Protein chains: 2
Amino acid sequence: MSAPTVYDVAERSGVSIATVSRVYRNPDSVRAQTRDRVLEAARALGYVPSGNARGLASRRTGVLGLCFPDYADPAAESGGESDDEYDDSAVMLYSDQIIRGMERAARRHGYALLIAASLEGGPESLVAKVAGRVDGFAVLARTVPTEDLELISRRLPVVMLAGPREIDHLDHIEVANTDGERELARHLIRDHGLTRLAFVGSEEHSPDAEARFRGFREACAEAGLPVPDAPDLRAPMMTQPEGERAADALLDRAGERPQALLFANDQMAVGALRALERRGVRVPQDIAVTGFDGIPLGRLVRPALTTVRQPMRRLGEEAVDLLVRRLTGDRDSPPVSMVLPVSLARRASCGCG
Amino acid sequence: MSAPTVYDVAERSGVSIATVSRVYRNPDSVRAQTRDRVLEAARALGYVPSGNARGLASRRTGVLGLCFPDYADPAAESGGESDDEYDDSAVMLYSDQIIRGMERAARRHGYALLIAASLEGGPESLVAKVAGRVDGFAVLARTVPTEDLELISRRLPVVMLAGPREIDHLDHIEVANTDGERELARHLIRDHGLTRLAFVGSEEHSPDAEARFRGFREACAEAGLPVPDAPDLRAPMMTQPEGERAADALLDRAGERPQALLFANDQMAVGALRALERRGVRVPQDIAVTGFDGIPLGRLVRPALTTVRQPMRRLGEEAVDLLVRRLTGDRDSPPVSMVLPVSLARRASCGCG
DNA sequence: GTGAAAGCGCTAACAG
DNA sequence: CTGTTAGCGCTTTCAC
């Protein structure tokens, strides 16, 4: 009943355990005939090398990891209102895309991928579990307590994804939030001739939203428009319902109605679209709406949402490449901080397409 | 430089390694004061338990696995023609959905998920790698040589996903291909009053396509329509280009033009849509088109594709539940064969919506 | 509640 | 090219 080991295979094929090991590790270092005997015995016994034992002995696992928060999914936050029309089988989450990117890249380098979403703390926390079983791993921003990361990163390569750099000496990859929003606002101003723009940020501590707001300000400054000190509105959370509420609030304000609503993310923008439709305000004729992220849902809604697309897939790939670099010698070159370019998706909600 | 171990922690906190181990495994079995000392020492040293060592000693990893083929993605097969409009960030692949389902379920049960797409064979094959590092795993149909599975399943629980049951004594989950296609055809016949239906299958050995064809036949029989012995056409592969070709071929045939084209999968149906548009044949007015699978792309094309949606997400969840059952005692109850229900998505391409 | 000792199954020098 | 010999870092009886 208990699984066969190298000893069983060695005995059955009349060689030593070292040779069995070699057959699996470096087949060419064993005479073909011997190798075949070993393989045959292994086959007969149903032998499968224990990854744990190998890992223990060789101090490497051949596995890379990814920790992501449960809530890392803007799309998942929509909560109760699961429009059957947009059932979640269609909605690709951030984490899904990162996983895909990492999996591909990992495979190219001969690694497998271990994924885990945040559980609860304690000594048996998520990170510990992952960290103990991989050669290196990526963490989506704010998934893991900084303190834990600090600790773990002393023992194996860690790369932080998205979000701001929380720990100086860790490798870190983010997207060009500021550039993206600046370009988006610039497009609205220059190509559509809009001048009264409103930016909706977040009350939550969101460095991403802040960076985007900075981009917005820069575009205003460039164009000689008034440069706001703070977002026109901060939503309590960056969800669809809050976007809906935000749109209502902004339109109900006294004074001239803005010509464009720039939301810090797509979820809110999609919510806003709904509010505007309800109020009979036409998009983009009466008002333009934009988001940020490039979630697939943005393409499904009407009008399709103009937004800034984040290259999540590439984020995952770069993460793996970085980890592999660290694992293959380059252990102590200075920490990398990489900013991936984003791209503007001009769709109907701003008057394009 | 080398990572601290239980010994280091034990020494620093003045206890034995057994106690250190207990703190991580069963905190309550250690006096609070002792525990805190240990935890503090661990923290100070940057101690992270080695998953490999734990796995070796305890004979369990707390990890479940998934092997999926590289080509498991109907959506990925479209190959060269990457319509920028449908960039892949929007396209959720089967494997992505299964991963998501498995990850969620695994997390609920306290497991992490190890994923790996097929690499190459050899002793160091994909399965071996995964199999050696998990407590049990799921395999997408035809990812892994039957022979290997046969072997491995002697040592740990394996569940096969989708496709037909290749190995009798393995747990197996599939979707209701026959039921789904039957219902789809019935809908065309009863609700839209169509009588000349053409089914496009595959030349490849595809039990799924065959099962769907059976459903088609049953619906025909039920309705008193002629029951074909074989699909009206078998495409060499179930891809978009082949679907395009198939539509052309079918329309070029002598005799009355069919009123509906039922494709064995969405990819082909999407290709067909393109062919029909090119020829100026209107869908659904001149001819109805249906697919099978429920890929997101089907919702983006115009007209939106009527299809049968497979619950991939649930497939993943059920797989995990099954594995966990096997891992918690129920080792030798007879193999399960589960068929998940599918659902009809009536959209514009059949005349609905 | 805590310690001592014996492996878990493999890799990694080092010999031969 | 193959065998010998130590561990890798932890869990697990079994004592105390």
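Not measured: the values here are computed from a predicted model. What you see below is based on every heavy atom in this structure, not just the backbone, and it leaves out hydrogens, waters and symmetry mates.
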Reading nucleotides 6-16 of chain C from 5' to 3' and marking B where a protein heavy atom lies under 4.0 Å of the base, S where only the sugar-phosphate is that close, and - otherwise, the string is -BBBBBBB---

**Report entry** Distance test, side-chain N/O of B:Thr19 to OP1/OP2 of C:dG3, below 4.0 Å
**Finding:** yes

### Message
How about CD on B:Glu166, more than 12 heavy atoms from neighbouring residues, nucleotides or ligands closer than 6.0 Å, or not?
### Response
yes

Whole-Å distance, A:Arg31 CZ to D:dT2 C1', equals 9 Å

When rounded to whole Å, the CG to C1' distance for the pair B:Asp8 and D:dC10 reads 13 Å

Exercise. Could you tell me whether A:Tyr47 and A:Tyr7 have their ring centroids closer than 6.0 angstrom?
Key: no

Exercise. Phosphate oxygens OP1/OP2 of D:dT2: is one of them under 4.0 Å from a side-chain N or O of A:Thr34?
Worked result: yes

Please determine whether side chain to side chain donor-acceptor pair (under 3.5 Å) holds for the pair A:Ser58 and A:Arg25, giving the CA-CA distance in whole Å, both sets of side-chain angles, and the decisive distance to 0.1 Å. CA-CA 11 Å; A:Ser58 65; A:Arg25 203 156 25 78; over 6 Å; no

### Message
Could you check whether atom CD of B:Glu40 has more than 12 heavy atoms from other residues, nucleotides or ligands sitting under 6.0 Å from it?
### Response
no

* CD/A:Glu11: more than 12 non-hydrogen atoms of other groups inside 6.0 Å -> no

Heavy-atom closest pair (A:Arg155 atom, B:Gly46 atom, distance to 0.1 Å) is NH1-O, 3.4 Å

